Amino acid sequence: QVQLVESGGGLVQPGGSLRLSCVASGRIFRIDSMGWYRQAPGKQRELVATLTSHGSTIYADSVKGRFTISRDNAKNTVYLQMNNLKPEDTAVYYCNAMGLEVFNRRAFNSWGQGTQVTISS
């Protein structure tokens, strides 16, 4: 079993910045990718950014140039630096990780509990 714990959400004004962190722990043999998704009220969960173990990144068009995903492999931690935040970035942000567990090399696809990000003046 693999657990993810997010932190760093909060309330900021438009144009401000936030940095989200997510730490993975548990029976981890290998993490292949880590990423961030978000879900605004009344909307479906959507991809924000992902980062593979090989360094490949994918960003949603709406955050390109404003958000940066990074990872500390030694700490099983992924970060999301969010700059020039807009009211439409308001959502619950969820961390996701995929990889293999130690036991039997079983694949896992784990989610964090979510952290609220609110952009408002």
Side-chain angles (χ1 to χ4, degrees):
Q1 194 172 7
V2 176
Q3 298 83 34
L4 304 180
V5 178
E6 303 112 332
S7 61
L11 170 65
V12 297
Q13 294 185 342
S17 298
L18 280 175
R19 189 193 193 206
L20 305 182
S21 300
C22 172
V23 181
S25 63
R27 296 176 172 266
I28 299 171
F29 172 72
R30 186 183 75 208
I31 297 178
D32 295 321
S33 70
M34 296 187 79
W36 293 92
Y37 292 71
R38 67 186 181 187
Q39 187 167 17
K43 295 187 177 181
Q44 290 187 333
R45 190 174 297 188
E46 62 176 3
L47 169 72
V48 177
T50 63
L51 174 60
T52 71
S53 59
H54 301 294
S56 298
T57 58
I58 297 175
Y59 290 95
D61 288 342
S62 59
V63 306
K64 285 180 180 177
R66 299 188 298 121
F67 291 10
T68 302
I69 189 170
S70 60
R71 182 172 158 182
D72 186 333
N73 291 329
K75 297 181 179 180
N76 288 335
T77 300
V78 66
Y79 306 96
L80 186 68
Q81 178 66 44
M82 304 185 293
N83 299 327
N84 189 23
L85 284 160
K86 303 176 180 180
E88 51 264 41
D89 294 319
T90 295
V92 177
Y93 284 69
Y94 296 92
C95 178
N96 172 261
M98 294 187 289
L100 297 179
E101 292 186 5
V102 173
F103 182 67
N104 280 344
R105 303 295 190 263
R106 182 175 60 185
F108 69 84
N109 183 358
S110 297
W111 293 88
Q113 80 287 353
T115 184
Q116 177 69 47
V117 171
T118 302
I119 314 304
S120 175
S121 55

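Count residues from 1 along the sequence. Fair warning: this is a prediction, and the values are worked out from it, not measured in the lab.
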I need the minimum non-hydrogen distance between [X] and [Y], along with the two atoms involved.
X	Y	value
Asn96	Asn109	ND2-OD1, 2.7 Å
Ile28	Val2	CG1-CG2, 3.8 Å
Gly8	Leu18	O-CD2, 3.7 Å
Gln3	Gly26	OE1-CA, 3.8 Å
Gln13	Ser121	CG-CA, 4.5 Å
Ser110	Leu4	O-CD1, 3.2 Å

Chi angles and distances behind the side-chain contact (heavy atoms from CB on, under 4.5 Å) call for Ser62, Arg38: CA-CA 12 Å; Ser62 59; Arg38 67 186 181 187; 3.3 Å; yes
Hey, can you tell me if Tyr93 and Phe67 have their rings parallel, tilted or perpendicular (30° and 60° cut-offs)? tilted
Is the number of heavy atoms from other residues, nucleotides or ligands under 6.0 Å of Glu88 CD greater than 12?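 Result for CD/Glu88: enclosed.
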Treating Ile, Leu, Val, Met, Phe, Trp and Tyr as nodes and any side-chain heavy-atom pair under 4.5 angstrom as an edge, say whether [X] and [Y] lie in one connected cluster.
X	Y	result
Leu80	Tyr37	no
Ile58	Tyr94	yes
Val5	Met34	no

Kindly compute the distance separating [atom1] ([X]) from [atom2] ([Y]), expressed to the nearest 0.5 Å.
X	Y	atom1	atom2	result
Met98	Leu100	CE	CG	11.0 Å
Ser17	Leu85	OG	CG	6.0 Å
Trp36	Tyr59	CH2	OH	13.0 Å

Test Lys64 against Asp61 for salt bridge (Lys or Arg N to Asp or Glu O under 4.0 Å), laying out the working first. CA-CA 5 Å; Lys64 285 180 180 177; Asp61 288 342; 3.1 Å; yes
Taking [X] for the side chain and [Y] for the main chain, is one N or O donor matched with an acceptor at less than 3.5 Å?
X	Y	value
Thr90	Ile119	yes
Asn83	Gly16	no
Arg27	Glu101	no
Glu6	Cys95	yes
Thr77	Asp72	no

Applying side-chain contact (heavy atoms from CB on, under 4.5 Å), run through Val117 and Leu20 and close with a yes or a no. CA-CA 9 Å; Val117 171; Leu20 305 182; 4.1 Å; yes
Derivation of the side-chain contact (heavy atoms from CB on, under 4.5 Å) call for Ile31 and Arg71: CA-CA 11 Å; Ile31 297 178; Arg71 182 172 158 182; 3.4 Å; yes
Heavy-atom check, side chain of Ser25 versus side chain of Asn76, under 4.5 Å: no
Within a strict 4.5 Å, meaning less than it, do heavy atoms of the Val12 and Met82 side chains meet?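 Contact flag for Val12/Met82 side chains = no.
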